[in-house]
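These figures come from a predicted structure and were not determined experimentally.
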Amino acid sequence: MSVRRVVPVIRSGAVEESREFYGLLGLEEVMNHGWIVTLASPSRPEAQVSLMSEDRTAPVTPDMSVEVDDVDAAYAVLRERGAEIVHPLSDEEWGVRRFFVRDPDGRVVNVLGHR
């Protein structure tokens, strides 16, 4: 299993205003579902940040996303090690398979893979 990217998720009550603010730093919108917007650097597309008002399909808003090449393997390893799964492995309508896990400091990590 390998990591493809790591993206901080900023909970925002002002997603549009935050999108504009980070745009001033050169980030451009690459995804927008209304409740989550992802911005990326045009010259380094792996440099990203997501702005989220709430997670529409999970019980909590994650603090970060980690995209892996094998989300099922990541899920199996973390369950085997006794990690707290906050949101079960799910196939989402926007083309990702994901689950949420709590890290040792209490942060929620969205672990995902694209289908």
Gap between atom OG1 of Thr61 and atom CZ of Arg11 - 0.5 Å precision = 3.5 Å
task = Return each pair, listed once, that meets ring-ring contact (aromatic ring centres under 6.0 Å, His included) where at least one residue sits in residues 60-84; pairs must be two or more places apart or across chains.
result = Tyr75-Phe99
task = Verify, without hydrogens or angle tests, whether Ser12 (side chain) and Ala14 (backbone) share a donor-acceptor contact under 3.5 angstrom.
result = yes
ask   = Do Leu39 and Val15 share a hydrophobic cluster (ILVMFWY, side-chain heavy atoms under 4.5 Å, transitive)?
value = yes
message = The criterion is side-chain hydrogen bond (donor to acceptor under 3.5 Å, both in side chains); which residues satisfy it with Glu67, sequence neighbours excluded?
response = Arg5, His114
Ion pair Arg19/Glu17, N-O distance below 4.0 Å = no
key: Within one Ile-Leu-Val-Met-Phe-Trp-Tyr cluster: Ile85 and Leu89, side-chain cutoff 4.5 Å   = yes
inquiry  = Please tell me whether Val109 and Val60 are part of a single hydrophobic cluster in this structure, the criterion being side-chain heavy atoms less than 4.5 Å apart.
reply    = no
request  = Of all the heavy-atom pairs spanning Val9 and Ser65, show the shortest one and how long it is.
outcome  = CG2-OG, 3.7 Å
inquiry  = Checking side-chain contact (heavy atoms from CB on, under 4.5 Å) between Pro62 and each of Asp55, Val111, Val101, Val7, which is the one that passes?
reply    = Asp55
request  = Kindly indicate whether the side chain of Met64, heavy atoms from C-beta on, has any atom under 4.5 Å from the side chain of Asn110.
outcome  = no
inquiry  = For Met1, is there any backbone N or O sitting under 3.5 Å from a side-chain donor or acceptor partner on Asp70?
reply    = no
ask   = Do Val49 and Val3 sit in the same hydrophobic cluster, where Ile, Leu, Val, Met, Phe, Trp and Tyr count as joined when their side-chain heavy atoms come under 4.5 Å apart?
value = no
Only distances under 3.5 Å count here; give the side-chain donor-acceptor pairs of residues 25-37 to other protein atoms, sequence neighbours excluded, each with its distance to 0.1 Å.
unit_1, atom_1, unit_2, atom_2, d
Glu29, OE1, Asn32, ND2, 3.3
Asn32, OD1, Gly34, N, 2.7

ask   = Should Thr57 and Arg98 count as side-chain neighbours, where that means a heavy-atom distance under 4.5 Å?
value = yes
query = Where do Pro42 and Pro45 come nearest, in terms of heavy atoms and distance?
reply = O-CD, 4.3 Å
query = Taking the side chain from Asp91 and the backbone from Arg97, do they hold a donor-acceptor pair closer than 3.5 Å?
reply = no
key: Within 6.0 angstrom of Arg115 CZ, more than 12 heavy atoms from elsewhere   = yes
ask   = Would Val71 end up clustered with Trp94 when hydrophobic side chains under 4.5 Å apart are linked, directly or stepwise?
value = no
Exam field: side chain Asp105 to backbone Arg107, donor-acceptor pair closer than 3.5 Å = no
inquiry  = Taking CD in Glu20 as the centre, count heavy atoms belonging to other residues, nucleotides or ligands within less than 6.0 Å. Is the count above 12?
reply    = yes
query = Just how far is it from atom CZ of Arg102 to atom CG of Asp63, taken to the nearest 0.5 Å?
reply = 9.0 Å
